[in-house]
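Shown next, in structure tokens, is the structure this report addresses.
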Protein chains: 2
Amino acid sequence: MSQQLFEQFLEQHCLKMTQQRREIYEEILKLEDHFDVDTLLWRLKQQGKAISKATIYRTLQLLLEYGLLKKTQVSPDGAEILYDACPEGCASDNLVCTECGKVIRFNKAAVCQLCTEIAGQHGFAPSSHCLNIFALCPACQQATSKTQGEQHEKA
Amino acid sequence: MSQQLFEQFLEQHCLKMTQQRREIYEEILKLEDHFDVDTLLWRLKQQGKAISKATIYRTLQLLLEYGLLKKTQVSPDGAEILYDACPEGCASDNLVCTECGKVIRFNKAAVCQLCTEIAGQHGFAPSSHCLNIFALCPACQQATSKTQGEQHEKA
DNA sequence: GTCGCGATTGAGAATCAGTCTCAACCGCCT
DNA sequence: AGGCGGTTGAGACTGATTCTCAATCGCGAC
């Protein structure tokens, strides 16, 4: 996804490309996969780009509306929500480590197929989906098994 | 899921079964599948059960921690979050109508299998997952196709 | 190049969901 | 019945997000 795409979107919807929108979007592209609003705010501030909170939220709102961004729940109890830059059309899913919060994005045709199938069974016309798999990453598995060696019962 | 189960959980964790907790949990059982905090608050108030906001949130927090409840994002842009009563162990998924917000819960072994497989491919040890399929329910499909008959191009 | 209009912005106020505080209260064990 | 510690309620508090509105900017028209 590029600046061009963003500009196209703005134009299509009779919106203006402003300095602020450009900077916010550039920063999102740099952040790649996923980020939270605080990080974005903080990084822009670090670069002396004094864009107001309101503008950042407004821009994120735009991106969400046009599907250039989506929100994702990154813990089973719904605690944290990150924004997740999302290449158009592609419903990318996340593999989230429940311990360290590491997120791996992936894109499996099988998931889309399954969703379409399930929706079809209920007479629904599928549009998109959102799958988060909560699991322990290799590093955290090691850490955990070590700890369990010491105290074998749960704390 | 029943009151018994809840009592077991409380006991296991050295927590007391109070009038308030019982009433909140009863109401959640009545609400079945999914609900939001406002609905719960409102319904309890309707019944003259003047349970404070704080207590309700505290109880929900408990249920979340012990996995008797989970949070679910019910729109692609992450707008609404519902609590979703969740029978133990079973990771149930949702089919959500993007138009009217109707939610259908389902439970497909194939989804779990796929998640386990994907996690495995990345060396992750799967624990749970959360899948929401966003689609148009039959009723809303009809409504939409009618509208499109009148104005065939996008608004 | 510059004019003008409507869209956009910034600063801070407002809102709102959720959390915290702490004294009063209650469940449960003895 | 008595007492301890967990639980509750009311409302203050917090922090994220949205709103307000005057000042500013982007961009098409001239």
Side-chain angles (χ1 to χ4, degrees), chain A residues 3 6-28 35-45 47-66 69-75 77-83, chain B residues 3 6-28 34-45 47-66 69-75 77-84:
Chain A
Q3 282 288 354
F6 186 34
E7 285 180 28
Q8 269 178 36
F9 265 91
L10 291 177
E11 209 162 319
Q12 275 169 30
H13 297 274
C14 302
L15 297 166
K16 294 174 183 169
M17 171 54 89
T18 62
Q19 181 73 19
Q20 290 88 340
R21 284 180 178 162
R22 193 189 323 275
E23 290 179 350
I24 292 170
Y25 195 68
E26 256 168 30
E27 199 55 39
I28 290 176
F35 60 95
D36 55 30
V37 180
D38 275 340
T39 306
L40 184 60
L41 262 153
W42 183 82
R43 291 191 36 155
L44 285 167
K45 190 168 287 179
Q47 294 168 42
K49 291 172 182 162
I51 299 173
S52 86
K53 244 181 349 168
T55 300
I56 291 178
Y57 278 108
R58 278 187 290 235
T59 305
L60 291 176
Q61 196 54 46
L62 271 184
L63 294 170
L64 280 171
E65 269 169 37
Y66 298 140
L69 217 59
K70 70 174 185 174
K71 280 189 184 174
T72 297
Q73 176 189 327
V74 290
S75 91
D77 65 0
E80 300 161 80
I81 302 252
L82 298 181
Y83 286 87
Chain B
Q3 282 288 351
F6 185 34
E7 285 182 26
Q8 269 177 36
F9 265 90
L10 292 177
E11 208 163 319
Q12 275 168 29
H13 296 273
C14 303
L15 297 167
K16 293 174 181 170
M17 171 53 90
T18 63
Q19 182 73 19
Q20 289 88 339
R21 283 179 178 163
R22 192 188 322 274
E23 290 179 350
I24 292 170
Y25 196 66
E26 259 168 27
E27 199 56 38
I28 290 176
H34 49 274
F35 61 94
D36 55 29
V37 179
D38 274 341
T39 307
L40 185 60
L41 262 153
W42 183 83
R43 291 192 35 156
L44 286 166
K45 191 168 286 178
Q47 295 169 40
K49 290 171 182 162
I51 299 174
S52 84
K53 230 180 10 160
T55 300
I56 290 178
Y57 279 109
R58 277 187 291 236
T59 305
L60 291 176
Q61 196 54 45
L62 272 184
L63 294 170
L64 280 171
E65 269 169 37
Y66 297 140
L69 219 57
K70 69 173 185 175
K71 280 189 184 175
T72 298
Q73 177 188 327
V74 290
S75 92
D77 66 359
E80 301 161 79
I81 303 253
L82 298 182
Y83 286 87
D84 191 355

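Quick note on labels: first sequence line is chain A, next is B, and so on, each numbered from 1.
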In this structure, is the centre-to-centre distance between the rings of B:Y66 and B:H13 below 6.0 Å? yes
For atom CG of A:D38 and atom C1' of D:dA16, their distance in whole Å: 9 Å
Side chains of B:M17 and B:E11, heavy atoms from C-beta outward: is any pair under 4.5 Å? no
Does a side-chain heavy-atom distance below 4.5 Å link A:T55 with A:R58? yes
Assign each of B:A54 and B:M17 the nucleotide of DNA chain C bearing its closest heavy atom; nearer the 5' end lies the nucleotide of B:A54
Rounded to the nearest angstrom, tell me the gap between atom CG in A:L64 and atom P in D:dT17. 11 Å
Roughly, in whole Å, what's the span from CG in B:L10 to P in C:dC28? 10 Å
Single hit among B:Q19, B:R43, B:E23 for side-chain contact (heavy atoms from CB on, under 4.5 Å) with B:K49: B:E23
Is any side-chain N or O of B:K53 under 3.5 Å from a base N or O of D:dG9, one able to act as donor and the other as acceptor? no
With sequence neighbours excluded, residues passing salt bridge (charged side-chain N to carboxylate O under 4.0 Å, His left out) with A:E65: none
Name the pairs: protein N/O against N/O of nucleotides 5-9 of chain C, kept only if under 3.5 Å.
from  : atom 1 : to    : atom 2 : distance (Å)
C:dG6 : N2     : A:K16 : NZ     : 2.9
C:dA7 : O4'    : A:K16 : NZ     : 3.4
C:dT8 : OP1    : A:K16 : N      : 3.2
C:dT8 : OP1    : A:R21 : NH1    : 2.8
C:dT8 : OP1    : A:R21 : NH2    : 3.2
C:dT9 : OP1    : A:T18 : OG1    : 2.8
C:dT9 : O3'    : A:Q20 : NE2    : 2.9

Is the phosphate of C:dT19 approached by B:Y57 (side-chain N or O, under 4.0 Å from OP1 or OP2)? no
Between P of D:dT8 and NZ of B:K49, the distance in whole Å: 15 Å
Determine, stepwise, if the pair B:R21 / B:L62 fulfils side-chain contact (heavy atoms from CB on, under 4.5 Å). CA-CA 10 Å; B:R21 283 179 178 163; B:L62 272 184; 3.8 Å; yes
Side chain to side chain, A:L63 and A:I28, heavy atoms closer than 4.5 Å: yes
Rounded to 10 degrees, the angle between the two terminal axes of the helix from C:dG1-D:dC30 to C:dT30-D:dA1, each from five pairs: 30°
Interatomic distance, A:L41 CG vs D:dG15 P [rounded to whole Å]: 15 Å
Passes side-chain contact (heavy atoms from CB on, under 4.5 Å), B:K71 versus B:L82? Steps please. CA-CA 6 Å; B:K71 280 189 184 175; B:L82 298 182; over 6 Å; no
Atom pair distance, as rounded to whole Å: CD in A:E65 and P in D:dT18: 11 Å
Just the rounded figure in Å: distance from P of C:dG27 to NE2 of B:H13. 21 Å
Please walk me through it: do A:E27 and A:F35 pass side-chain contact (heavy atoms from CB on, under 4.5 Å)? CA-CA 10 Å; A:E27 199 55 39; A:F35 60 95; over 6 Å; no
Nucleotide D:dT18, atom C1' - distance to CG of A:L62 in whole Å: 14 Å
